[in-house]
Amino acid sequence: QVTLRESGPALVKPTQTLTLICTFSGFSLSTRGMCISWIRQPPGKALEWLARIDWDDDKFYSASLKTRLTISKDTSKNQVVLTMTNMDPVDTATYYCARIQSVGDAFDNWGQGTLVTVS
Amino acid sequence: IVLTQSPDFQSVTPKEKVTITCRASQSISRSLHWYRQKPDQSPELLIKYASQSISGVPSRFSGSGSGTDFTLTINSLEAEDAAVYFCHQTNGLPETFGQGTKLEIK
């Protein structure tokens, strides 16, 4: 059974750095083709793709947030970490991690999301 | 790539047939996926690559299209389909989502 779970602070202050962890089970991020992305959703708004890390440690970022984001993985712990610097109230959102089984494929499994409020 | 969904909102009755469209600002071949997000839940995958069905998803959901124009069809709507529906493209980075279509069940 594939599961993903996001964890991190519910509240951060403006200018602080946010660190979110996606802990997953039921698959290995070492498997060829496997990827994990971070997506966020401000309250009542649409989804926004943030970053992706691939099985071979390739990393990709949203152009508009690239300077603020860092994604990394710890394969032995089955975790993917996203850091976002210089948080602002407009970054208030539910942050999701989601799995892709091959580049270009759909998100077939999502975490439950974690709401981060910047205030 | 900008994805524009229509309508933004629709109020429908149970057993009705619903069609949601997603238009891409440039051709994305068939790299278009559909999700349903029930209230206070994470999105769930309904259709991938425009028309491929997903194991465990009810057969009333189907998709079509290619290039720039795509359609999600829900046959015989059920109460549990009250949700927001999103399209999502993976033809190129950054991946993008449509703004969402909210379905209300009368």
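These values consider heavy atoms only, across backbone and side chains, with no hydrogens, waters or symmetry-generated copies. Quick note on labels: first sequence line is chain A, next is B, and so on, each numbered from 1.
- Cluster annotation: B:Val57 is connected to B:Leu32 through the hydrophobic network of ILVMFWY side chains, with a link wherever side-chain heavy atoms come within less than 4.5 Å.
- For A:Lys59, the NZ atom sits in a packed shell: over 12 heavy atoms of surrounding residues, nucleotides or ligands are nearer than 6.0 Å.
- With a 4.5 Å cut-off on side-chain heavy atoms, B:Pro94 and A:Phe60 do not count as touching.
- A:Leu69 and A:Leu18 fall within the same hydrophobic cluster, defined by Ile, Leu, Val, Met, Phe, Trp and Tyr side-chain heavy atoms under 4.5 Å apart, directly or through other members.
- For the atom pair OG1 (B:Thr96) and CD (A:Glu48), the distance works out to 11.0 Å, reported to the nearest 0.5 Å.
- A:Tyr96 is not connected to A:Met34 by any chain of hydrophobic side-chain contacts under 4.5 Å among Ile, Leu, Val, Met, Phe, Trp and Tyr, and they are in different clusters.
- Among the residues in residues 105-119 of chain A, those with a non-hydrogen atom closer than 4.5 angstrom to a non-hydrogen atom of chain B are A:Asp105, A:Ala106, A:Phe107, A:Asp108, A:Trp110, A:Gly111, A:Gln112, A:Gly113.
- Within a 6.0 Å radius of CZ in B:Arg23, other residues, nucleotides and ligands contribute 12 heavy atoms or fewer.
- For the pair A:Trp49 and B:Leu93, the minimum side-chain heavy-atom distance is below 4.5 Å.
- Summarising the local packing, NZ of A:Lys66 is surrounded by 12 or fewer heavy atoms from other residues, nucleotides or ligands at distances under 6.0 Å.
- Grouping the Ile, Leu, Val, Met, Phe, Trp and Tyr side chains by contacts below 4.5 angstrom, directly or via other members, places B:Leu3 with B:Leu46.
- Counting heavy atoms of neighbouring residues, nucleotides and ligands inside a 6.0 Å radius, atom CZ of A:Arg5 does not exceed 12 of them.
- In terms of heavy atoms, B:Gly98 sits closest to A:Ala46 at O-CB, 3.8 Å.
- Heavy atoms closer than 4.5 Å to chain B are found nowhere in A:Leu50, neither backbone nor side chain.
- Residue B:Lys48 holds its NZ atom at 7.0 Å from CD of A:Gln101, rounded to the nearest 0.5 Å.
- Counted within 6.0 Å of CG on B:Asp40, heavy atoms from surrounding residues, nucleotides or ligands total 12 or fewer; the atom is thus considered open.
- Within the model, atoms CD of A:Gln41 and CD of B:Gln37 stand 4.0 Å from one another, a figure rounded to the nearest 0.5 Å.
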* What do the steps show when you test A:Arg52 against B:Glu95 for side-chain contact (heavy atoms from CB on, under 4.5 Å), and what is the final call? -> CA-CA 10 Å; A:Arg52 189 184 90 209; B:Glu95 298 182 20; 3.8 Å; yes
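- Residues B:Val84 and B:Ile47 are members of one and the same hydrophobic cluster, defined by side-chain heavy-atom contacts under 4.5 angstrom among Ile, Leu, Val, Met, Phe, Trp and Tyr.
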